[in-house]
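So you know, we letter chains A, B, ... as the sequences are listed, proteins then strands, and number each from 1.
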2 protein chains.
Amino acid sequence: MNLQPNSQPEQTVAGTSNYSRAPRMAKEDRRDQLLTTALNAFADGGYHTTSMDDIAAAAGVSKPVLYQHFPGKRELYLALVEYTLVDLSAKLDHSLAASDVNRIRVESMIDTHFEFVEHQPQAHRLVFSADLLAFPEVADRLNNFYDGIAGIIASVLGPNVGIPHTQAAMLGRGLVQMVQTAAVYWAQHPESATRQEAQQQVFRLAWGGISILDEDWK
Amino acid sequence: MNLQPNSQPEQTVAGTSNYSRAPRMAKEDRRDQLLTTALNAFADGGYHTTSMDDIAAAAGVSKPVLYQHFPGKRELYLALVEYTLVDLSAKLDHSLAASDVNRIRVESMIDTHFEFVEHQPQAHRLVFSADLLAFPEVADRLNNFYDGIAGIIASVLGPNVGIPHTQAAMLGRGLVQMVQTAAVYWAQHPESATRQEAQQQVFRLAWGGISILDEDWK
DNA sequence: CCGACGTGGACATCAAGATCGGTATCCAGA
DNA sequence: TCTGGATACCGATCTTGATGTCCACGTCGG
């Protein structure tokens with residue numbers, strides 16, 4: 001499945017017949033195309049504003065085709081959320097495992113986040129900006145995701161600075177959100193700085209706070 | 001209007017008549033009650049999941065009553081968002097104006113945020129967790145709100161540390177989100193620490209980062 | 001050339017927003 | 001205390017839009 005922003009709904013080509021019809025595709029290909037289209041559509045307008053008709057039209061097929069590949073709108077949406085979170089989690093894990101030095105780790109995770117926001121803005125908006133509260137499962141799933149990261153950060157943070165684990169988790173979660181927000185802000189104001197500059201600022205802010213936690217602890 | 005979480009929908013008392021009907025109320029009182037009820041309902045289930053029937057039922061009145069007080073669902077929702085943001089903005093402004101010392105200012109704004117999350121959780125969820133993307137106006141309004149705060153932080157931050165204003169705004173926005181997220185986390189894990197302890201941790205993290213920006217600037 | 005499968009226009013179904021005509025309650029004044 | 005009008009309230013209904021399905025049609029492999 002291609003989650004990059006560049007995939008476009010195909011155009012029906014006028015062939016020998018002037019009858020407009022989507023070209024026949026292999027099942028998997030069609031499914032992938034529908035997923036990508038749905039991702040973009042949802043990210044663009046949110047869950048409720050985006051109808052199945054819209055998605056089908058954007059994909060250049062009719063609605064029944066959509067229902068042949070997915071049992072319903074809800075499942076389609078959940079599949080996309082799940083895919084995105086798994087993807088991002090894997091990348092963050094990878095960033096974390098890339099080094100043993102905490103400073104490098106933090107830098108790497110910040111980089112991963114900026115990368116994600118820059119290169120997969122639809123996926124990001126789908127998961128972090130859309131109406132999550134509507135589906136409790138999604139809210140739980142996202143909570144889960146955040147707790148995972150916060151826990152990791154806490155386990156890195158806590159022992160070093162003598163803070164109770166839950167409080168370290170709280171700070172970790174706040175830090176993640178801080179990075180994410182800053183990344184989005186930068187993506188919306190790309191002219192303000194290069195990505196590298198922006199990341200560096202964010203890192204200094206975060207790392208500075210973390211270091212102080214260590215030094216200042218009484 | 002009462003935004004506290006304690007207001008409950010009234011129960012129709014079985015009087016001389018067994019015919020269930022909401023007691024007659026003064027227009028303003030009824031309106032306030034509906035607003036409060038709607039706030040709780042929206043915060044609980046999100047915009048789209050909450051129907052006008054739900055709100056009316058929760059308020060113990062019938063649907064037409066709702067439409068006698070508000071032109072539509074959308075307007076009702078927007079009114080609540082606006083009210084909440086104005087309220088919070090005022091409180092933050094007040095916190096900022098309370099002192100000339102930046103350190104105190106930051107502490108005070110953190111305190112205000114924790115206060116908000118703790119005492120008005122519905123209002124907070126309504127504005128910051130619900131489906132904002134659905135209504136562009138809401139997204140814009142919220143953007144506006146954040147930019148206001150970020151701008152203030154930037155103007156405190158920027159001149160002192162020589163960072164371009166836009167980058168300072170990015171960091172300011174990230175910091176706000178960090179505080180907010182931590183506050184929510186604490187509210188969900190109240191047993192992990194007292195509010196004061198939690199706020200102190202958050203402050204140290206934030207202030208540490210800010211200080212480093214100052215010191216470390218090359 | 002033909003059967004099977006992918007495709008789509010049209011439609012049933014339903015949930016939710018919005019409304020209308022009638023009913024109950026309160027109050028002011030005689 | 002009676003009466004009439006004004007105001008708040010409600011059951012029932014209309015309307016819209018979106019989800020999910022049916023049956024005919026065209027296209028491709030054999």
Side-chain angles (χ1 to χ4, degrees), chain A residues 9-34 37-38 41-42 44-79 131 134-135, chain B residues 9-35 37-38 41-42 44-80 131 134-135:
Chain A
E10 65 202 25
Q11 291 297 337
T12 55
V13 197
T16 52
S17 161
N18 61 358
Y19 179 65
S20 164
R21 192 184 187 115
R24 217 182 160 96
M25 288 177 65
K27 199 153 195 165
E28 274 305 307
D29 294 343
R30 176 67 80 193
R31 185 188 156 90
D32 284 356
Q33 186 225 348
L34 292 178
T37 306
F42 280 137
D44 208 46
Y47 180 78
H48 292 280
T49 14
T50 306
S51 71
M52 291 297 258
D53 291 277
D54 293 338
I55 298 175
V61 299
S62 69
K63 215 172 6 168
V65 179
L66 219 50
Y67 282 92
Q68 282 165 8
H69 288 272
F70 308 97
K73 184 183 183 182
R74 173 196 181 82
E75 287 75 16
L76 174 57
Y77 180 74
L78 294 180
D131 22 23
F135 295 141
Chain B
E10 64 202 26
Q11 291 298 338
T12 56
V13 197
T16 52
S17 162
N18 62 358
Y19 179 64
S20 165
R21 190 184 188 118
R24 209 184 164 96
M25 288 177 66
K27 198 153 196 168
E28 273 306 306
D29 294 344
R30 178 63 78 192
R31 184 188 157 90
D32 284 355
Q33 186 225 348
L34 292 178
L35 278 172
T37 306
F42 279 137
D44 208 47
Y47 180 79
H48 292 281
T49 356
T50 307
S51 69
M52 291 297 258
D53 290 278
D54 293 338
I55 299 174
V61 298
S62 69
K63 214 172 7 170
V65 178
L66 221 48
Y67 283 92
Q68 282 164 9
H69 288 272
F70 307 98
K73 185 184 183 183
R74 175 196 181 83
E75 287 75 15
L76 174 57
Y77 181 73
L78 293 181
L80 286 170
D131 22 22
F135 295 140

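Between the P atom of D/dC9 and the CG atom of B/L34 lies a distance of 8 Å, rounded to the nearest Å. Protein atom CZ of B/F70 is 18 Å distant from nucleotide atom C1' of C/dT19, rounded to whole Å. In this structure, the CD atom of B/E75 is 13 Å from the P atom of C/dG17, given to the nearest Å. Rounded to an integer number of Å, the gap from CG of B/D29 to P of D/dT7 is 17 Å. Per the geometry, CG belonging to B/L76 stands 10 Å off P belonging to C/dA18, to the nearest Å. Between the CG atom of B/L66 and the P atom of C/dA18 there is a distance of 10 Å, rounded to whole Å.
With rounding to the nearest 0.5 Å, the separation of NZ in B/K27 from CG in B/D29 is 12.5 Å. Taking NZ from A/K73 and CG from A/L76, the interatomic distance works out to 9.5 Å, rounded to the nearest 0.5 Å. Annotation: the span from A/L78 atom CG to A/Y47 atom OH amounts to 7.5 Å, rounded to 0.5 Å.
By the side chain to side chain contact (heavy atoms under 4.5 Å, CB included) test, B/E28 is found to be paired with B/R31, B/D32, residues two or more places apart in sequence or in another chain being considered. Judged as a side-chain hydrogen bond (donor to acceptor under 3.5 Å, both in side chains), and not counting sequence neighbours, B/S62 has no contacts. Scanning for side chain to side chain contact (heavy atoms under 4.5 Å, CB included) contacts around B/A41 gives B/T50, B/I55, with sequence neighbours left out.
The shortest side-chain heavy-atom distance between B/T49 and A/F135 does not fall under the 4.5 Å cut-off.
In plain terms, the two heavy atoms of A/G72 and A/M52 that are nearest each other are C-CE, 4.1 Å. Counting all heavy atoms, side chain and backbone alike, B/T37 lies closest to B/A59 at CG2-N, 3.7 Å.
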Every protein N/O lying under 3.5 Å from an N/O of nucleotides 16-19 of chain D:
| residue | atom | partner | partner atom | Å |
| --- | --- | --- | --- | --- |
| D/dT19 | OP1 | A/M52 | N | 3.2 |
| D/dT19 | OP1 | A/K73 | NZ | 3.0 |
| D/dT19 | OP2 | A/M52 | N | 3.2 |

Restricting to nitrogen or oxygen on both sides, can you table the protein-nucleotides 4-6 of chain D pairs closer than 3.5 Å?
none

I'd like a list of close polar pairs between nucleotides 21-23 of chain C and the protein, N/O only, cut-off under 3.5 Å.
| residue | atom | partner | partner atom | Å |
| --- | --- | --- | --- | --- |
| C/dT23 | O2 | B/R21 | NH2 | 3.4 |

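Ring pair A/H48/B/H48 is parallel by interplanar angle, where below 30° counts as parallel and above 60° as perpendicular.
Under 4.0 angstrom from either OP1 or OP2 of C/dT7 there lies at least one side-chain N or O belonging to A/R30.
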